[in-house]
Each structure stands twice: as structure tokens, then as C-alpha cells.
A.B. asks: 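Structure incoming, see below.
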Amino acid sequence: MSVDLVDIRVNLAGLELKNPVMVASGTFGYGQEYARFIDLNQLGAIVVKGVSAQPMAGNPPPRLVETPAGLLNSIGLQNVGLEVFIRDKLPFLQGIDSVVIVNILGHTVEEYVTLATELSKHPRVDALEINISCPNVERGGLAFGTDRQATFEVVQAVRQATHLPLITKLSPNVADIVPIARSAQDAGSDAVSLINTILGMAIDIHQRKPVLAKTVGGLSGPAIKPIALRMVWQVSQAVDIPVIGMGGIMSGDDAIEFLLAGASAVSIGTALFVDPQAPIKVLKGIEEYMKRYRFHSIREIVGQLDIG
Amino acid sequence: MITEVVENCQISSQAFRLTLDCAEIAAKAYPGQFVMIRVNQGRAAPLLRRPFSIHRLWWTCGAGSHSQGQSSPFSQGQPSPGYQDRQQSSPGSRYGQQPSGIQILFRVVGEGTAYLASLAKGAKVDLIGPLGHGFELKEPDYCPVLIAGGIGVAPLLFLADRIKEKNSWPAVATANPSAAEKKSDNPLARPWLFLGGKTAGDILCRDEFQRLGFSLAISTEDGSLGQKGLISEPLAAFLEQMISCGLKPSLFACGPIPLMDRVAEIAWQYRLSGQVSLEQRMACGVGACMGCVVEVVRGKNPPDYKRVCTEGPVFDISGF
């Protein structure tokens, strides 16, 4: 019997990914943090930690709490800011043979535009992910991502400021995610990524206080996978641009679920904390699935959910 | 990386000392660093790895004599600690040989530590490390004073091993014999460990520190062992005495935040150098997620949050 050859390359929003497994913004730092533990060249794409125009201090601790099969965080986008990112963080990624996507976050439309304009000047930046879905900051972020019109405006403004492929990262903290996804598409986004974390909270019953300093935070990990999957399915039915699926993916099987639901690629986030090699293992799982069911390319799996 | 349990030893009603075969990690480790251990056997709970400071390095039997290595303190007429001869495999320090693994010390407080307590010899353990910024032993002429609250003693034994190696206590071979004499004559000039806990059962590793030549001050909140009260109480008076003898104490502390605050206050009061090891909930352990921050220097605007996993867990006391 001949060896099954599987083509794991993915063409997404004009980006040539060597495979469909990316790492999610906020979980992989600026890449260098994980370089000791995983070969960055084996990743389909690296989405770096959200960058804002000015440095952000982030939220007071405690910022983390583990919940059943989940992680609740309230980081508040602590980041070094655009200038330091370009000067100190981006050069490390120069030698990496993977697609580099920079997640951008602003408090105003103008800040998003500034970020897009400046980052577009750097050849190492392959694409931008517009973060309109962080639940842990008071201004900006989620304020855009829960409103169709605001989503349209910010995506359109960024679209006009850059030639780079644009991905809009969507929030699950809305009554209906579909209109938001459509707004992103209509405003010129080349892809959407979903889901960001789901708002949640945890309480210390002995002290009768919230565990997180900011009371609420964003939930990630296996606990949110069914919700993420449902939203990926809904959005992929409703838009023509590619969907990047994420939310609790721990294994190759999880990733296949997202591909079947309509995602063209997947992102690994919280699983990295459990196992820094998780993206490689997820990819291996995808390849095994392809061989087992004789899929020759990723494209053949995407959206192949049979709903009878 | 996947490692194997060499020994899992219950040392008190709630505390365990776990020895792991991991030469690669041990070779790179220095005191104050930590490892992240997976405690979920591939399942979703407990989801995150748990951080544990490296308690001690561990050597296999037959790794050669401890008098190997030119810089060995034991080859300079110092008596070698008996336990190293007696045991087939041993923790602690040996110059000139590569360690075979590490030990961690933990109290069973939840699901993760209960799982670790259940591990038998030969069990596989998935860990990453060594991680973080540990203790620095830079100053040539100081008297180390170690301060531990409860399980905070864990990283201090590795530090004590390193102090012992560097200083070969109590006699100090220096170019200045009078200083050495002065040091060896004065019990205050020995390395000290101030060890506190809620109750007698929290007081761990006494014998190990004593074998290394450390003097111990012990207190428990309930008075069941040593002096009754907080360990920070006798500390200030002791340091004052040291300073009045012309000695230069340097503080190395690990334990609950209130104790670390108090130690920092004392250090500030007497203008002492020192380092504190902090704990915080962690997710990635490698500096990526920004989850484990603490406000080391308080009151700045905007606040200056540092990651315990990368900028720490050991921070200079002056900024704390």
C-alpha cells in the first residue's frame, strides 16, 4: 500500500500557512518565551500578545484562577507598547520561518489606525489581528466587539490604514455573534478568529470576596470548547471569509471538530500552559485523522459537518 | 520533559519530599528557581501545571567520590557531612560531579499536591524547568541569614547547600586571617536559619540545615516548638546584635507575603541587603501569559507589575 501523503498547508486570508495550527494571542507572549520549549518553525502562525499604542500596566493581581477544566484570567492587556514591541520583541521573530500575526488593541479607532500604520512598515509582520474582544479592559476592546456599527468602523479604519491581511477577533460575550462577524466582513476583514474568552467569575466563599482583583475575568480552556465550537459553526455558515477557530482545543481531535464545524485553521491557547508542545501534538493528531479517513488536504475537512 | 520518581518520602503529616531523576534540569538549576509539574495525567483537571521551587539537587550512588573536583570544600581539611557517605544516593552538594536530579518539597493542600503525594518510585512525571530568576550569591563578605515561613523553607535548603559550598563554613579561608578568626569565633557569624510555622508540624528540614552547619532559630505561632510567636519577632533583635558585632547580615527569605513584608521592613530599617522569594498563582510559568504578576515596588503610577515566573520568583528586597 502506498504511503498516504497529506497536504497540511493552508491558504488563509492571503497567508500561506505551512499548517493549520496557530498559537493564540496572549498565551504565547512574543514568541521568545516559548522558544526553549517548542520549535517555533513548526507553527502555522504565531499570534503575538496584544500590542497597544502605549504600554499598559495591566490589572492588579490576583489575575488568575483555575476553575473546573478552565482558566479564568484578568490580565488587562499588560504589554510593552508599540515602540518597545518593534524595538525589542519583533527582532527575535526575524529568524522564524512561520507566519507572524500581531494582535492590536486600541482604546480609540485612532489608536488602532496608528498601530496598523506603524506595524505595516515592518516586513516581519505578516498580518494583523484586530482585538475587539478583550473582556478585561474598561475602554476599547470589548466595547467595539459587542456593537455591529463600532465593529464596522474600527475594521474599516484599519482596513484603510494597511495593506496587510486583516483578521478580526470576535467576542463570545454577545447575544448573537453572527451580525458582528458580518460587520467585520463587510468592513474588509479578510478573516475572523473566534472565540475570545467568555466572561466569568469565581468567589472565595471563606473571605466572601471575588477571587480575581477585578471581580470578573475571561474564561478559557476545555470548559469553553462547546460554546466556541457552536459559534465557529454559526459564523462559518454566515460569512464567506475564513474562520480561525479557537477555544479549549487540547488535542488533534478537538482541532478536527473545529475544522469540521467550518474553521479553516485553529489556534491553541490555554493548552500551551498544560503542555508547551501542545501545538505539535495537535498537528500530529490532525495528520493521523487525515490518514485514517483519507483526507488529502485540510480544505477537504473544513466545514464537512454532516447535519443530516 | 518526562522524568521518573526516584523516591517519594513523607517527612511530616502533610509534607513530602519528592526526588526526580532529571539530570538535564538539575545541571542548569540554581537556588531559587522552580519547575512546573503537570498533575493531571492527561486529563482536564487539575488543568494547569503547578510550580514548585527546587528544594535540592540529588546525586545518584556511584557517581564518584565527593572529594573530586579541585574546588571542593571537603578537600581543604573540612570534615565531609556524614550523611553523604552513609547514603547510597544523596541530596545536597558535591563539587565536580553532575547532579542526577532534583528534589521538591511540598505540602498536600489540594488536588495537585495530593496527586504528587500518591506517586510511587518509578512513576512518570512531566515537568518543565528550571524556570525563573533565583537567588544571587554575589557579595563576598556577608553573613547569610535565611528566613523561612512554613513550606517556604523548600528553596532555602538548595540555597544553604550553595552557601556551604561557597563559604565552607565555619572556618573561612581568606587572605585576611583576622576576619576569618573573628567569624569562626562568633556564633553570630555562622549562617543562620530563622524557621517559623503555625505549629510544630510545619517546621521542616531542621536536621538538614544543622548538618550543613547552620544555626537555627525556631518559632511557632502556637508555641508547640521553639519560641511562641512569629519568626519575624526574634529576627530584628538578632540582626541588631550581629550588626553591633561588626557583621554584615544578608537576608534570604521565602514564605507567606506578610512575613516577606515584615522581613523587607526590617531590611529597610537596618539598611540590609537581601532577597525574597515570592509565590503567586501561575499559568504558563515561562513569562508569556502575564498572569502571575506582583507589584514588587508598590505605589508607582502606573503600577509596575513584575512576573513572578520570570523577573522572580526571587526579588531584591530593596525594591520590595
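Just so it is clear: chains get the letters A, B, ... in the order the sequence lines come, proteins before strands, and each one is counted from 1. Just so it is clear, the values below take in all heavy atoms, side chains as well, and ignore hydrogens, waters and symmetry mates.
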A.B. asks: Please say whether more than 12 non-hydrogen atoms of neighbouring residues, nucleotides or ligands are located less than 6.0 Å from CD in A:Glu83.
C.D. replies: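 Incorrect, the count does not exceed 12.
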A.B. asks: Please report the shortest heavy-atom distance between A:Gln78 and B:Val293, naming the atom on each side.
C.D. replies: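 Answer, listing the atom of A:Gln78 first, then B:Val293: OE1-CG1, 3.6 Å.
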A.B. asks: Quick one, B:Cys284 and A:Tyr34 - any side-chain contact, counting heavy atoms below 4.5 Å?
C.D. replies: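 Of all side-chain heavy-atom pairs linking A:Tyr34 with B:Cys284, at least one is under 4.5 Å.
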A.B. asks: Is it the case that the side chain of B:Arg281 and the backbone of A:Val65 share a donor-acceptor pair, with hydrogens and angles ignored and the cut-off at 3.5 Å?
C.D. replies: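 Absent.
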A.B. asks: Give a yes or no on whether a salt bridge exists between A:Glu66 and B:Arg50, defined as a side-chain N under 4.0 angstrom from a carboxylate O.
C.D. replies: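 Salt bridge present between A:Glu66 and B:Arg50.
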A.B. asks: If every non-hydrogen atom of B:Leu47 is compared with every non-hydrogen atom of A:Leu71, which pair is closest and at what distance?
C.D. replies: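 Looking at all heavy atoms of both residues, the shortest contact is CD2-N, 4.3 Å.
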A.B. asks: Identify the heavy atoms of A:Pro61 and B:Tyr305 that sit nearest to each other, and give their distance.
C.D. replies: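 Looks like CD-CE2, 3.5 Å.
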A.B. asks: Ignoring hydrogens, what is the shortest heavy-atom contact between B:Pro303 and A:Ala57? Give both atom names and the distance.
C.D. replies: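 Answer, listing the atom of B:Pro303 first, then A:Ala57: O-CB, 3.4 Å.
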A.B. asks: Where does A:Thr270 contact chain B at under 4.5 Å (heavy atoms): side chain, backbone, both or neither?
C.D. replies: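 For A:Thr270, the side chain is the part near chain B, not the backbone.
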A.B. asks: Just wondering, more than 12 heavy atoms not from A:Arg87 lying within 6.0 Å of its CZ?
C.D. replies: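 Enclosed: over 12 neighbouring heavy atoms sit under 6.0 Å from CZ of A:Arg87.
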A.B. asks: Between chain B and each of A:Pro68, A:Pro62, A:Gly29, count heavy-atom pairs under 4.5 Å; write down the option with the most.
C.D. replies: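 Greatest number of close heavy-atom pairs with chain B: A:Gly29.
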A.B. asks: Is there side-chain contact between B:Glu295 and A:Pro60, with heavy atoms separated by less than 4.5 Å?
C.D. replies: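 Contact flag for B:Glu295/A:Pro60 side chains = no.
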A.B. asks: Side chain from CB out, backbone as N, CA, C, O: work out which of these in B:Asn40 comes under 4.5 Å of a heavy atom of chain A, or both, or neither.
C.D. replies: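 B:Asn40 touches chain A through side-chain heavy atoms alone.
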A.B. asks: Any chance you could lay out the side-chain contact (heavy atoms from CB on, under 4.5 Å) test for B:Gln280 and A:Arg63, step after step, and finish with the verdict?
C.D. replies: CA-CA 10 Å; B:Gln280 182 62 281; A:Arg63 291 177 173 182; over 6 Å; no
A.B. asks: Based on non-hydrogen pairs under 4.5 Å, which of B:Pro130, B:Cys292, B:Pro302 is most in contact with chain A?
C.D. replies: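 Ranked by heavy-atom pairs under 4.5 Å with chain A, first place is B:Pro130.
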A.B. asks: Does any part of the side chain of A:Phe273, heavy atoms only, come nearer than 4.5 Å to the side chain of B:Met282, both counted from C-beta?
C.D. replies: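 Of all side-chain heavy-atom pairs linking A:Phe273 with B:Met282, none is under 4.5 Å.
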A.B. asks: Please classify the contact between A:Pro222 and chain B as side chain, backbone, both or neither, with a heavy-atom cut-off of under 4.5 Å.
C.D. replies: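 For A:Pro222, the contact with chain B is made by the side chain alone.
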A.B. asks: Would you find more than 12 non-hydrogen atoms of other residues, nucleotides or ligands less than 6.0 Å from B:Glu24 atom CD?
C.D. replies: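 No.
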A.B. asks: Give me the atom names and distance for the closest heavy-atom approach of B:Ala288 to A:Thr27.
C.D. replies: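 B:Ala288 and A:Thr27 have their closest heavy atoms at CB-O, 3.9 Å.
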A.B. asks: Kindly compute the distance separating CZ (A:Phe37) from CE (B:Met1), expressed to the nearest 0.5 Å.
C.D. replies: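 The CE atom of B:Met1 is 11.0 Å from CZ of A:Phe37, to the nearest 0.5 Å.
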A.B. asks: Once you round to the nearest 0.5 Å, how far does CE of B:Met290 lie from CD of A:Glu33?
C.D. replies: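 Here the interatomic distance stands at 8.5 Å.
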A.B. asks: Can you confirm whether B:Lys28 is buried at NZ, in the sense that more than 12 heavy atoms of other residues, nucleotides or ligands lie under 6.0 Å from that atom?
C.D. replies: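 Yes.
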A.B. asks: Minimum heavy-atom separation for A:Pro276 to B:Arg49, with atom names?
C.D. replies: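 A:Pro276 and B:Arg49 have their closest heavy atoms at CD-NH2, 4.0 Å.
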A.B. asks: Taking atom CD of A:Gln54 as the centre, report whether more than 12 heavy atoms of other residues, nucleotides or ligands fall under 6.0 Å from it.
C.D. replies: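 No - once you tally the heavy atoms of other residues, nucleotides and ligands closer than 6.0 Å, there are 12 at most.
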A.B. asks: Do B:Val286 and A:Arg36 have side chains that approach each other closer than 4.5 Å (heavy atoms only, starting at C-beta)?
C.D. replies: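 Result no, sub-4.5 Å side-chain heavy-atom pair not found.
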A.B. asks: Counting only non-hydrogen atoms closer than 4.5 Å, does A:Leu272 touch chain B with its backbone (N, CA, C, O), its side chain (CB onward), both, or neither?
C.D. replies: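 Interface part for A:Leu272: neither.
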A.B. asks: Tell me, do A:Gln277 and B:Ile128 make a side-chain contact under 4.5 Å, heavy atoms counted?
C.D. replies: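 Side-chain contact under 4.5 Å: no.
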A.B. asks: Answer whether the closest heavy-atom distance between the side chains of B:Arg38 and A:Asp275 falls below 4.5 Å.
C.D. replies: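 Yes - at least one pair of side-chain heavy atoms lies under 4.5 Å apart.
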